[in-house]
Amino acid sequence: MKRINLLFTGQELDENILEELPIQFYVSVLPFIKTELLTNKHLIEQLNFITESESQVIVTSNIAAKWITKYAINIPNWKIACMTGKTQDVFVTNEWKKLIVLTDQKSELLAENVEKVFSKSQKVYFITGDRHLNIIPLYLSKKGFDIETIITYHTKEVEQNMEVNYDGIIFLSPSAVKSFFRQHKISIEIPLFAIGETTATALKKIVFNPIITSSKPTQKILFHTIQQFFK
């Protein structure tokens with residue numbers, strides 16, 4: 001049985017992923033980015049000021065969701081629009097599920113649905129990281145929404161050496177794509193696996209390799225997709 005070497009470029013591999021993989025798959029975890037939560041007093045005070053009102057909030061990153069649920073003193077009376085997958089899971093795990101009014105896999109579709117559901121007479125808070133895409137705030141601004149972006153974490157590139165010839169490379173974010181290809185060149189034949197459309201789009205802008213995208217933005221579905229590809 002031929003061994004299949006995979007490179008996982010994300011920060012954290014989900015629990016049980018390796019245990020569920022067939023024996024021929026070998027995964028090297030080399031994070032090409034790291035995130036640092038911002039903990040300054042003013043920012044946390046701003047969060048808890050927002051929690052005191054019935055705010056409209058958009059969250060597209062699980063890191064931002066973790067920051068919110070970590071530093072909010074109380075569960076607020078918000079309307080939350082967020083990405084499906086790990087971002088939504090963070091809110092559900094921390095008992096914020098009832099606040100979620102909209103979800104989607106794609107930023108463009110989430111923005112369109114926010115336009116239909118959120119009120120233009122009330123400010124919208126986009127809580128995110130420093131390397132976020134501007135798709136949602138630009139779209140909503142053009143539609144007449146008052147949108148305020150709150151940066152809750154910084155993303156930094158990580159230098160990594162590659163000493164193995166991989167059969168496939170896995171990406172979870174555009175930031176990891178940028179960091180990886182700033183450091184390395186690869187054969188055009190190596191398949192690249194993206195957790196969602198946003199990451200796949202980032203890959204398409206840089207390389208001409210085969211790009212395989214998970215049907216849902218979860219690591220479990222992504223690794224199932226990888227297994228099917230190598231059958």
Side-chain angles (χ1 to χ4, degrees), residues 1-39 60-67 83 85-87 89-90 128-133 151-231:
M1 187 178 293
K2 181 179 180 292
R3 172 165 156 161
I4 299 170
N5 290 309
L6 300 172
L7 173 61
F8 179 85
T9 64
Q11 287 191 94
E12 186 178 350
L13 192 62
D14 281 357
E15 190 176 355
N16 299 326
I17 290 291
L18 296 180
E19 289 81 355
E20 295 173 359
L21 279 177
I23 194 169
Q24 70 266 32
F25 288 89
Y26 183 84
V27 181
S28 298
V29 179
L30 290 177
F32 276 78
I33 58 169
K34 65 177 180 179
T35 53
E36 297 177 353
L37 296 181
L38 301 182
T39 60
T60 56
S61 157
N62 73 91
I63 306 298
K66 289 176 181 178
W67 183 89
M83 303 299 282
K86 294 194 77 172
T87 305
D89 290 345
V90 171
T128 185
D130 64 329
R131 293 197 181 186
H132 65 276
L133 300 176
I151 304 300
T152 60
Y153 65 93
H154 289 161
T155 301
K156 297 183 178 180
E157 295 186 0
V158 177
E159 300 288 334
Q160 297 282 14
N161 294 321
M162 287 204 314
E163 300 176 352
V164 176
N165 292 320
Y166 293 101
D167 300 298
I169 304 174
I170 303 162
F171 295 93
L172 304 187
S173 70
S175 296
V177 170
K178 182 179 179 181
S179 176
F180 178 88
F181 285 102
R182 184 184 61 78
Q183 300 176 48
H184 301 288
K185 293 181 179 180
I186 59 172
S187 167
I188 197 171
E189 298 176 354
I190 298 175
L192 308 178
F193 299 92
I195 199 167
E197 293 293 340
T198 303
T199 303
T201 299
L203 285 166
K204 290 173 185 176
K205 290 179 179 179
I206 297 175
V207 294
F208 294 97
N209 294 59
I211 298 169
I212 299 90
T213 308
S214 176
S215 60
K216 292 185 178 180
T218 69
Q219 289 191 29
K220 184 173 183 178
I221 299 298
L222 176 59
F223 274 89
H224 176 74
T225 303
I226 292 169
Q227 291 178 56
Q228 294 300 309
F229 178 84
F230 284 106
K231 270 191 174 180

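- Annotation: ring-ring contact (aromatic ring centres under 6.0 Å, His included) contacts involving residues 10-36, sequence neighbours excluded, comprise Phe32-Phe180, Phe32-His184.
- Under a 3.5 Å cut-off, the side chain of Gln227 and the backbone N or O of Leu21 do not form any donor-acceptor pair.
- By the salt bridge (charged side-chain N to carboxylate O under 4.0 Å, His left out) test, Lys156 pairs with Glu36, sequence neighbours left out.
- Not counting sequence neighbours, the partners of Thr87 by the side chain to side chain contact (heavy atoms under 4.5 Å, CB included) test are Val59, Asn62, Ala65, Cys82, Met83, Phe91.
- Scanning for salt bridge (charged side-chain N to carboxylate O under 4.0 Å, His left out) contacts around Glu159 gives Arg182, with sequence neighbours left out.
- Other residues, nucleotides and ligands contribute at most 12 non-hydrogen atoms within 6.0 Å of the CG atom of Asn161.
- With rounding to the nearest 0.5 angstrom, the NZ atom of Lys34 is 13.0 Å from the NE2 atom of His154.
- A pairwise comparison of heavy atoms in Ala194 and Ala200 identifies CB-N, 3.6 Å as the closest pair.
- For the atom pair CD1 (Ile226) and CZ (Phe193), the distance works out to 5.0 Å, reported to the nearest 0.5 Å.
- For Ser179 (side chain) and Ser175 (main-chain N/O), no donor-acceptor pair under 3.5 Å exists by modelled atom type.
- Of all heavy-atom pairs spanning Pro210 and Ile188, the tightest one is CD-O, 3.4 Å.
- Lys2 is linked by a salt bridge (charged side-chain N to carboxylate O under 4.0 Å, His left out) to Asp167, counting only residues two or more places apart in sequence or in another chain.
- The stretch residues 197-213 participates, sequence neighbours left out, in no side chain to side chain donor-acceptor pair (under 3.5 Å) pair at all.
- Judged as a salt bridge (Lys or Arg N to Asp or Glu O under 4.0 Å), not a single pair has a partner in residues 207-220 (not counting sequence neighbours).
- Counting all heavy atoms, side chain and backbone alike, Ile221 lies closest to Ser214 at CG2-OG, 3.3 Å.
- Here the straight-line distance linking atom CD1 of Ile4 with atom CZ of Phe230 works out to 5.5 Å at 0.5 Å rounding.
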**Request:** Apply side chain to side chain contact (heavy atoms under 4.5 Å, CB included) to the pair Ile186 and Leu192, showing each step before the final yes or no.
**Result:** CA-CA 11 Å; Ile186 59 172; Leu192 308 178; 3.7 Å; yes

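- Here the options are Ile169, Ile190, Asn165, the test is side chain to side chain contact (heavy atoms under 4.5 Å, CB included), and the partner is Leu7; only Ile169 passes.
- A heavy-atom distance below 4.5 Å is found between the side chains of Glu157 and Lys178.
- Identified under the side chain to side chain donor-acceptor pair (under 3.5 Å) test for residues 3-12, with sequence neighbours left out: Arg3-Asn5, Gln11-Thr35.
- Partners of Phe181 by ring-ring contact (aromatic ring centres under 6.0 Å, His included), not counting sequence neighbours, listed by chain and number: Phe171.
- Here the closest non-hydrogen pair linking Tyr153 and Ser61 is OH-OG, 2.8 Å.
- Looking at every heavy atom in both residues, Ser173 comes nearest to Ile33 through OG-CD1, 3.6 Å.
- Environment of CD in Glu19: crowded, with over 12 heavy atoms of neighbouring residues, nucleotides or ligands closer than 6.0 Å.
- Residues passing the side chain to side chain contact (heavy atoms under 4.5 Å, CB included) test with Thr152, sequence neighbours excluded: Ala64, Trp67, Ile127, Ile150.
- The CD atom of Gln219 sits 5.5 Å away from the CG atom of Leu13 when rounded to the nearest 0.5 Å.
- Rounding to the nearest 0.5 Å places CD1 of Ile170 at 6.0 Å from CG of Leu222.
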**Prompt:** Where do Leu30 and Tyr166 land on the side chain to side chain contact (heavy atoms under 4.5 Å, CB included) test, with the steps shown first?
**Reply:** CA-CA 12 Å; Leu30 290 177; Tyr166 293 101; 4.1 Å; yes

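- Looking at residues two or more places apart in sequence or on another chain, you find a salt bridge (charged side-chain N to carboxylate O under 4.0 Å, His left out) between Lys86 and Asp14.
- With sequence neighbours excluded, the residues forming a side chain to side chain contact (heavy atoms under 4.5 Å, CB included) with His224 are Gln228, listed by chain and number.
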